[in-house]
Amino acid sequence: MPKEYRTIQEVAGPLMLVRGVENVAYDELGEIELASGERRRCRVLEIDDGNALVQLFEASTGINLESSKVRFLGRSMELGVSEDMLSRVFDGLGRPIDGGPDILPEERRDINGLPMNPAARAYPEEFIQTGVSAIDGLNTLVRGQKLPIFSASGLPHAQLAAQIARQAKVRGTDEPFAVVFAAMGITFEESNFFVESFKETGAIDRAVMFMNLANDPAVERISTPRMALTAAEFLAFEKGMHVLVIMTDITNYADALREISAARKEVPGRRGYPGYMYTDLATMYERAGRQKGKPGSITMIPILSMPEDDKTHPIPDLTGYITEGQIILSRDLYRKGVQPPIDVLPSLSRLKDKGIGEGKTREDHANTMNQLFAAYSRGKDAKELMVILGEAALSDMDKLYAKFADEFEATYVSQGYRTDRSIEETLEIGWDLLRILPRSELKRIRDEYLDKYYNKN
């Protein structure tokens with residue numbers, strides 16, 4: 001029976017100081033029992049000479065220093081995992097909130113996980129089809145990759161996340177595919193949108209959802225992504241599934257980290273965020289990947305809203321260092337009515353070359369991708385010139401490129417949130433657009449592909 005302590009010294013916000021503790025370790029779980037018999041959970045943040053600083057998972061209201069008791073449970077935070085988690089909705093601490101029964105776990109796992117040995121990692125190289133042309137065709141997602149979406153407040157990243165979760169699939173394999181969805185600090189309305197969107201299309205049957213709402217404690221927000229990743233690791237490496245982990249919004253997670261760091265009176269780093277934020281984010285992101293000799297994999301799409309649309313803000317900045325590229329949403333395209341408003345030129349998937357080509361997508365994919373990038377870039381330059389100098393200043397070829405840029409945004413990028421395009425459809429739309437330009441302009445595509453696809457009626 002764990003020893004009980006009645007030595008609560010003080011409570012400040014989400015933190016509580018307990019004096020005179022013995023054999024208590026960092027990150028250990030604790031339980032506070034109030035005079036009324038109500039129990040609340042906490043975890044150890046710091047141990048100093050018999051004093052334990054603990055973090056409360058629930059509100060601190062009603063904790064009486066005299067009559068409340070604390071006991072430490074001798075283990076860190078765990079999640080009971082089982083295949084029965086599929087099609088269920090949990091809160092940020094892994095408790096069911098969908099009205100269904102508790103999960104009977106096959107095993108209990110520490111939510112902090114273990115870092116994957118770099119030597120045991122298999123290289124990501126299999127194409128994942130999201131059904132979104134701007135991603136599949138130009139910034140391809142590869143199995144085992146970490147590809148964040150950089151959004152901004154008011155942009156429709158929730159719709160894009162739900163679309164990818166509904167549509168994503170690994171082609172040419174019958175291995176089971178699952179989606180683990182972690183939402184941090186979102187509103188009830190957004191949470192409802194995700195759950196209903198998954199139910200409506202039947203995607204919930206292969207999904208595990210962890211929902212932490214904006215009014216839930218900040219501490220719970222920090223455990224939510226780790227709960228989700230623990231469930232993903234079990235499904236991927238024990239059950240052999242392809243798992244896509246979508247986490248939204250990493251900005252809310254980082255703000256919770258800052259809030260707790262401030263409560264601990266730690267020295268702030270850039271913009272008030274703790275200096276260890278890079279390490280903290282890396283311990284989450286690096287749990288994605290593939291392991292040699294195991295069929296399963298974890299592919300991760302973290303979503304973050306950039307404060308003030310600023311790519312140099314610490315959260316997108318650090319995320320960009322740790323992950324393999326980024327998909328950037330543009331406010332200008334959103335105002336034009338482009339859905340989803342993916343800005344393909346600054347977006348990047350560093351592993352796209354590994355997941356495309358013959359046997360994976362199609363032999364002409366790499367050439368057409370490069371040509372579309374080049375033509376769209378020149379078309380945007382032509383349109384900027386047109387704004388400054390007027391249409392009369394453009395050559396006939398520049399006008400064609402400007403037309404190409406408009407058509408590219410309207411048909412290739414803008415497909416709506418209900419359209420699921422196969423990679424073949426995406427490539428064909430690309431060729432239709434390239435036919436706007438004369439063949440002599442398509443210098444990045446090999447002649448054999450031009451003969452085969454460009455001249456096709």
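We're numbering straight along the sequence, starting at 1. Just the heavy atoms: all of them, side chains too, but no hydrogens, waters or symmetry mates, feed the values below.
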Counting heavy atoms not belonging to [X], are there more than 12 under 6.0 Å from its [atom1]?
{"X": "Glu424", "atom1": "CD", "answer": "yes"}
{"X": "Glu196", "atom1": "CD", "answer": "yes"}
{"X": "Lys399", "atom1": "NZ", "answer": "yes"}

Which is it for Ile445 and Leu434 under the side-chain contact (heavy atoms from CB on, under 4.5 Å) test, yes or no, and what are the steps along the way?
-> CA-CA 11 Å; Ile445 302 180; Leu434 291 173; 3.8 Å; yes
To the nearest 0.5 Å, what is the distance between [atom1] on [X] and [atom2] on [Y]?
{"X": "Met397", "Y": "Arg378", "atom1": "CE", "atom2": "CZ", "result": "7.0 Å"}
{"X": "Leu348", "Y": "Leu138", "atom1": "CG", "atom2": "CG", "result": "11.5 Å"}
{"X": "Leu372", "Y": "Leu427", "atom1": "CG", "atom2": "CG", "result": "9.0 Å"}
{"X": "Asn367", "Y": "Tyr453", "atom1": "CG", "atom2": "OH", "result": "11.0 Å"}
{"X": "Gln55", "Y": "Cys42", "atom1": "CD", "atom2": "SG", "result": "9.5 Å"}
{"X": "Thr319", "Y": "Tyr278", "atom1": "OG1", "atom2": "OH", "result": "10.0 Å"}

Give a yes or no answer on whether the side chain of [X] reaches the backbone of [Y] with a donor-acceptor pair at less than 3.5 Å.
{"X": "Gln371", "Y": "Arg444", "result": "yes"}
{"X": "Arg350", "Y": "Leu147", "result": "no"}
{"X": "Lys352", "Y": "Ala366", "result": "no"}
{"X": "Glu409", "Y": "Leu333", "result": "no"}
{"X": "Asp98", "Y": "Arg88", "result": "no"}
{"X": "Ser347", "Y": "Ile328", "result": "yes"}
{"X": "Gln163", "Y": "Thr419", "result": "yes"}
{"X": "Asp451", "Y": "Glu448", "result": "no"}
{"X": "Glu58", "Y": "Arg41", "result": "yes"}
{"X": "Ser82", "Y": "Met85", "result": "no"}

So, Tyr273 versus His313, ring centres under 6.0 angstrom or not?
->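 Yes - the distance between ring centres of Tyr273 and His313 falls below the 6.0 Å cut-off.
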Please determine whether a side-chain nitrogen of the Lys or Arg among [X] and [Y] lies less than 4.0 Å from a carboxylate oxygen of the Asp or Glu.
{"X": "Arg221", "Y": "Glu259", "answer": "no"}
{"X": "Asp102", "Y": "Arg95", "answer": "no"}
{"X": "Asp420", "Y": "Lys169", "answer": "yes"}
{"X": "Glu200", "Y": "Arg418", "answer": "yes"}
{"X": "Asp353", "Y": "Lys360", "answer": "no"}
{"X": "Glu324", "Y": "Lys354", "answer": "no"}

Go through the steps to decide whether Ile327 and Phe150 satisfy the test side-chain contact (heavy atoms from CB on, under 4.5 Å), and finish with yes or no.
-> CA-CA 6 Å; Ile327 302 292; Phe150 286 7; over 6 Å; no
If you measure only the distance, is there a donor-acceptor pair under 3.5 Å linking the side chains of [X] and [Y]?
{"X": "Arg143", "Y": "Ser297", "result": "yes"}
{"X": "Ser133", "Y": "Arg421", "result": "yes"}
{"X": "Thr368", "Y": "Tyr449", "result": "no"}
{"X": "Asp249", "Y": "Thr251", "result": "yes"}

What closest approach, in Å, do [X] and [Y] show between heavy atoms, and which atom pair accounts for it?
{"X": "Arg121", "Y": "Gly289", "answer": "NH1-CA, 3.8 Å"}
{"X": "Leu345", "Y": "Ser377", "answer": "CD1-CA, 4.0 Å"}
{"X": "Asn212", "Y": "Gly92", "answer": "CB-CA, 4.5 Å"}
{"X": "Ala288", "Y": "Met116", "answer": "O-CE, 3.9 Å"}
{"X": "Tyr285", "Y": "Lys146", "answer": "O-CD, 2.9 Å"}
{"X": "Tyr454", "Y": "Arg435", "answer": "O-NE, 3.0 Å"}

Could you give me the CA-CA distance, side-chain angles and deciding distance for Arg271 and Asp317, then say whether salt bridge (Lys or Arg N to Asp or Glu O under 4.0 Å) is met?
-> CA-CA 12 Å; Arg271 305 258 184 127; Asp317 190 29; over 6 Å; no
Do [X] and [Y] touch side chain to side chain, with heavy atoms closer than 4.5 Å?
{"X": "Asp91", "Y": "Asp216", "value": "no"}
{"X": "Tyr253", "Y": "Ile222", "value": "yes"}
{"X": "Val219", "Y": "Leu56", "value": "no"}
{"X": "Asn215", "Y": "Phe188", "value": "no"}
{"X": "Gln415", "Y": "Pro340", "value": "yes"}
{"X": "Phe234", "Y": "Val180", "value": "no"}
{"X": "Glu425", "Y": "Ser422", "value": "yes"}
{"X": "Ile128", "Y": "Gln145", "value": "no"}

Hits for salt bridge (Lys or Arg N to Asp or Glu O under 4.0 Å) against Arg287, two or more places apart or cross-chain, chain-then-number order -> Glu233
Classify the ring geometry between Phe90 and Phe210 as parallel (under 30°), tilted (30 to 60°) or perpendicular (over 60°).
-> parallel
Output, in order, the C-alpha distance, side-chain angles, deciding distance and verdict of ring pair (Phe, Tyr, Trp, His ring centres under 6.0 Å) for Tyr376 and Tyr412.
-> CA-CA 11 Å; Tyr376 180 50; Tyr412 194 97; 9.4 Å; no
Go through the steps to decide whether Ile322 and Met284 satisfy the test side-chain contact (heavy atoms from CB on, under 4.5 Å), and finish with yes or no.
-> CA-CA 10 Å; Ile322 305 163; Met284 282 186 342; over 6 Å; no
Going through the distances and angles, do Arg335 and Asp332 end up as a salt bridge (Lys or Arg N to Asp or Glu O under 4.0 Å)?
-> CA-CA 5 Å; Arg335 287 196 191 105; Asp332 286 344; 3.3 Å; yes
Between Ser76 and Asp27, does a side-chain hydrogen bond (donor to acceptor under 3.5 Å, both in side chains) hold up when you go through it step by step?
-> CA-CA 6 Å; Ser76 57; Asp27 214 31; 4.8 Å; no
Does the pair Val245 and Thr299 meet the rule for a side-chain contact (heavy atoms from CB on, under 4.5 Å), with working shown?
-> CA-CA 6 Å; Val245 178; Thr299 307; over 6 Å; no
Under the salt bridge (Lys or Arg N to Asp or Glu O under 4.0 Å) criterion, do Asp396 and Lys403 qualify, and how do the steps go?
-> CA-CA 11 Å; Asp396 288 345; Lys403 179 188 174 192; over 6 Å; no
